[in-house]
Amino acid sequence: MNAIFILNINNISHDFLKKIIDQKKDQQYFILIYSPSEVSTSFLYNLLNLDVFYKILSVEAINNENINSLLIEIEKKLKIQYAINFQKNEYKKKNNFLENINKNLENLVESRTSHLILSNSDMSQRLDKERKILKFVKDFSNIASIYEALNLLKKNLFSFSKVHPPLFLIQYFDKRTDVYVFNKDNYSIKSSVLNINESEFNNVHEFNFDKTTLANLIGRPVQKYIKFKIDTPTSNIANRTPLKAYILIENSLHDNELNDLNDYFLDRISLLSSVLDNLILKDILFTETFRWEMTFDGVEDSLAIIDEQFNLIRSNKSFGNNKKNKCFQVFAKANSPCDKCPIIGNKNKEIHFESEITIGNNYFTVQSNLLNLNESSSNHNFINRYENRTEHKKLYIKFIQSQKISAIGVLAGNIAHELNNPLTGISSLVQVIKQETQNLALISDLNEIEKAAIRSQRIIKNLISFSNTEGSGMEEISFRITLNDTLPMLKAVMRNFSVEIYLTNDSDMIMVDVSLLQQVLFNLINNACQAMGKTGKLILKSQVVNNFLKFDVIDNGPGIALEIQKHIFEPFYTTKQEGLGTGLGLSLSKSIISKFGGQLLLKSKEGIGSEFSILLPISRK
Amino acid sequence: MKVLVVDDESLIRKALVRAFKGKGHFVEDVDNGITGFEKLISNEYDLVFLDILMPGKSGPELMKDRHLFKSKSYILMSAYSGEHNLETANSLNADMFLPKPFDDIFEIVKLAEKLVESKG
């Protein structure tokens, strides 16, 4: 405030008044116009043009007292007016403030709205991306092979222009690399050694290789590419030696066009890695399984995995493999477990247990190993290896027999020599006594004693000769003599049979090893008697035919089946139990006779009997 | 002639002794190699019959010490005929090898007389 001007306008011109008013116009003031004469109020209104206007008092007469109280009132009213103005201003301010806030809010809303609109589009873009990746995942979840995976990836890349079918590389520990390359209409593998260097620079893993080598391998130049390493943790474990995988995407894009392609792969590379890792693992496992199966089936010995109930879990080709359940059904063609089966015998569930089983005419050594395929304590599994020891057993029997024969031979030899001494004594002393006496009766008795001693000596000599398994050496001898030397040893054997002997009168000199021939003769006659069993007729016949001595051993036993006849001269072929017989099989007899330049022949008919014939060349000296 | 028989079989000793005595020769006999050795060391015989397998010293063992003896001719006898024994006899420088059993004891006496005669 506030100047209060009291003017006496009587003596002031209107212009001057106006000037003062103009000067003071900006101030809040009140001009009291005091005029002794009446002035037109309307004129004053117009003149003053004031915002605050105080009602012009019509003044008829203003004396000093009136001015004071008037001033006080004016002051009051001014204050009120001022307050009102102030409030007005405040309101205005507040109004402006509110307007500003309002404006700000509007702006904010607008920006937020636009933001939301932007996020939404962002979201939908992201959503779209995720959907695409999900589809990728779904497509790849049904993949069964690396080829399928690569073809699918190629298909997915169709949406990119200027991008070529991907190359897939698998490198093994020996640097040999399989490259899956698309050619014409499908993927194929090319293999070669390829050096791939991996390096780490500024925490970025990189790999590099020689493009020329790769180009030579796939038969064409290698285009510009983006590359990714495929992590193969599970395949590495299965493969036992480290392997590495890489994917190359050849393209003819400019560098500034690569972003989309790179982004595509960055979003998908870990999924792709995991899929490819699994597929590589599958390949490895398949190869390993195949290899194992081939090995398992390729083993000559029979192998089988069985459980405690003899159920056949797995067996190889040699063991046999048909739909039957139990191991003994398949292997032994029986209805119950084999005698001495290791599964039964191994009551303590030893880790390793061995036993021998017999199936028909075959012997097997079975090595049984406990398998811990499942941890359960009941129903263990075993892996059995069946080794056919039939031949071995036969050889062993033969060996034992020949050892026995040798032992007996040595024993016989020893006994014979032991007996030679006293017998020599007896015959020599008898000869001496004969000379010293005239007593004819005594001499006669002494002759008998001497004959008996000589007979004994001959038997012993024969026994020595016979038990000589190495042979006594070739000599020319009469067959008859040899036969007669052999027959005494067969007395016991021939006891139950009627024996007819027809020996030729022709010269039957042959060149043979006597002890070996004796053994052959013994063998044939012994066989004939064994074949006849309890009773029968044995015919021994010798004749000279075409410069050959032919000697037949004929029996009326059951005869020999054609099937057996085919094999009877084969080494180790026997239908007899082990331990019987002289150990000299027919095969050995045949080979001995052959060595003498002769033949051993067989004629036999079932139900009638057998005829074994020895042919030996007559010796002409 | 003077004969020594070394053999553990009594019947053979008896037979040889009586056969040679019957033909007028002088015969001594012992039943084992050790006594035989003693006899050979201390006496001189025209002919010595030695069994190969004997208790004490065997025939071959005695023949190894032939240079210690004064006797002239040695005949080895054995029930164990066979190449091995023949070799042994020859390699040990015995004059003759006689396998048992004997066919005719008097033939042996004749054989012995011939052998001693040939040695002079």
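The model shown is predicted, which means the values in this text are computed figures rather than measured ones. A note on names: the letters A, B, ... follow the listed sequences, proteins ahead of strands, and every chain is numbered from 1.
Checked options K21(B), R18(B), K14(B); the residue passing with E436(A) is R18(B) (criterion: salt bridge (Lys or Arg N to Asp or Glu O under 4.0 Å)).
Of the inter-residue distances, the one linking K23(B) atom NZ with Q435(A) atom CD reads 6.0 Å to the nearest 0.5 angstrom. Distance check, rounded to the nearest 0.5 Å: CG of L423(A) to NZ of K100(B) gives 11.5 Å. Considering OG of S427(A) and CG of D103(B), their distance stands at 8.5 Å, rounded to 0.5 Å. Put simply, CG on L11(B) and OG on S428(A) are 9.0 Å apart, with the number rounded to the nearest 0.5 Å.
Side-chain contact between D8(B) and N421(A) is present, with at least one heavy-atom pair separated by less than 4.5 Å. With a 4.5 Å cut-off on side-chain heavy atoms, N420(A) and P101(B) count as touching.
Across I454(A), L429(A), I426(A), L419(A), the residue that shares the most heavy-atom pairs under 4.5 angstrom with chain B is L429(A).
Taking both residues in full, the closest heavy atoms of A19(B) and V432(A) are given as CB-CG2, 3.7 Å, listed atom of the first, atom of the second, then distance.
Within 6.0 Å of NZ in K434(A) there are more than 12 heavy atoms belonging to other residues, nucleotides or ligands.
For chain B, the nearby parts of Q431(A) are the backbone and the side chain; heavy atoms of each come within less than 4.5 Å.
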